[in-house]
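FYI, side chains are in, hydrogens and waters are out, and symmetry mates aren't considered; it's all heavy atoms of this structure. Count residues from 1 along the sequence.
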Amino acid sequence: MSEPVHLTPMVTNAADAQTWLHTAEGVIAKQLDAPYTPGSRKAMIKIKRVRTLDAVIVGWRPGKEEGTLGALILGLYDDAGKLRVVGHSSGFTAKEKRELPGRLAEFESGERAARTRPAGKADKDLEWIGLRPELVVEVTYDHVSDGRIRHGTKIARWRDDKPPRECLVAQLDQ
C-alpha cells in the first residue's frame, strides 16, 4: 500500500502566510519560477517560527572549563504557584561563559547538587548550582515537548523589568 499524498498549501502573498508563522513550524519561501529539486534548497529559504517566553533562572550548570558556565536552568510558575524547571539554555560566547558565574554569584541560594546522567549518556555528573528566583530572561526556542522547552533555546535578553512571579507555565501553550 502506498503512502497518501499530502498537498502543502501555497500562497503568493506574505501576509497570507502570517498565520503559519504563529501556528506552524514556519514556512518555506521559494521562487515561483524555480523548479523543485529534491535534496536541494536552491531558490528556497526556510523561515522558522520564532517563539519566545520569559523564564526565571533557577540555577546554572558549570561548563567544561573550570570557572565557566555551561547552561542556565530555566523555570516557570505553575497554576499552584510552584516554580518548576522547564528547560535550559546554553550556547554562550566564551566571554559570557567566563563572566556569568561572577554575575550570578550574588543570587546563589546555597543549593548545590550533582546528578548522574541517564543511562547511555557519558558517565559524568551534571553538577548544578541553585539560584534564588530573582532573575528573569526572555528566551527563544523551537518547540515544547512534555511540558519542556526544546532545541535551540537561546537568551534573547535579560528582563530586569519583569517580576519572576509573572513567568507562568501558561506561556508554553502559546
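Proximity of E166 to P164: side-chain heavy atoms (C-beta onward) are nowhere separated by under 4.5 Å. Residues V86 and R84 form a side-chain contact, since some pair of their non-hydrogen atoms from C-beta on lies under 4.5 Å apart. T68 is not listed as a side-chain neighbour of P62, based on a closest heavy-atom distance of 4.5 Å or more. Within the 4.5 Å cutoff, side-chain heavy atoms of L32 are placed close to those of T12. Side-chain atoms of I149 and V139, non-hydrogen and from C-beta on, do get closer than 4.5 Å to each other. Here the side chains of D54 and V137 are not in contact, with every heavy-atom distance at 4.5 Å or above. At a threshold of 4.5 Å between non-hydrogen side-chain atoms, the residues W158 and V136 do not count as touching. The shortest distance between side-chain heavy atoms of H88 and R61 falls below 4.5 Å.
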Exercise answer: donor-acceptor pairs, residues 71-80 side-chain atoms, under 3.5 Å, sequence neighbours excluded:
from, atom 1, to, atom 2, distance (Å)
D78, OD1, A80, N, 2.9
D78, OD1, G81, N, 3.1
D78, OD1, K82, N, 2.8

N/O donor to acceptor pairs below 3.5 angstrom from side-chain atoms of residues 91-98, sequence neighbours left out:
from, atom 1, to, atom 2, distance (Å)
T93, OG1, E96, N, 3.1
T93, OG1, E96, OE1, 3.3
E96, OE1, T93, N, 2.9
R98, NH1, A94, O, 3.4

Indicate every side-chain donor-acceptor pair of residues 100-110 with a distance under 3.5 Å to a residue at least two apart or in another chain.
from, atom 1, to, atom 2, distance (Å)
E108, OE1, R112, NH2, 2.7
S109, OG, E111, N, 3.2
S109, OG, G130, O, 3.3

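Linking ILVMFWY residues whenever their side-chain heavy atoms come closer than 4.5 Å, directly or via other members, leaves M10 and Y36 in distinct clusters.
T52 contributes atom OG1, which lies 8.5 Å from atom CZ of R157 (distance to the nearest 0.5 angstrom).
Between R148 and D146, no side-chain nitrogen of the basic residue sits less than 4.0 Å from a carboxylate oxygen of the acidic one, so the salt-bridge criterion is not met.
Within the structure, every pair that satisfies the salt bridge (charged side-chain N to carboxylate O under 4.0 Å, His left out) test and touches residues 37-47, not counting sequence neighbours, is listed here: E25-K46.
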Open item on the list: Applying side chain to side chain contact (heavy atoms under 4.5 Å, CB included) to L53 and L172, what does each step give before you reach the verdict?
Closed with: CA-CA 8 Å; L53 61 78; L172 297 176; 3.6 Å; yes
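Take A156 and apply the side chain to side chain contact (heavy atoms under 4.5 Å, CB included) test, not counting sequence neighbours, and it matches E138, T140. Partners of R132 under the salt bridge (Lys or Arg N to Asp or Glu O under 4.0 Å) rule, at least two apart in sequence or in another chain, are E134.
The heavy-atom pair separating S89 from K154 by the smallest distance is OG-CA, 3.6 Å.
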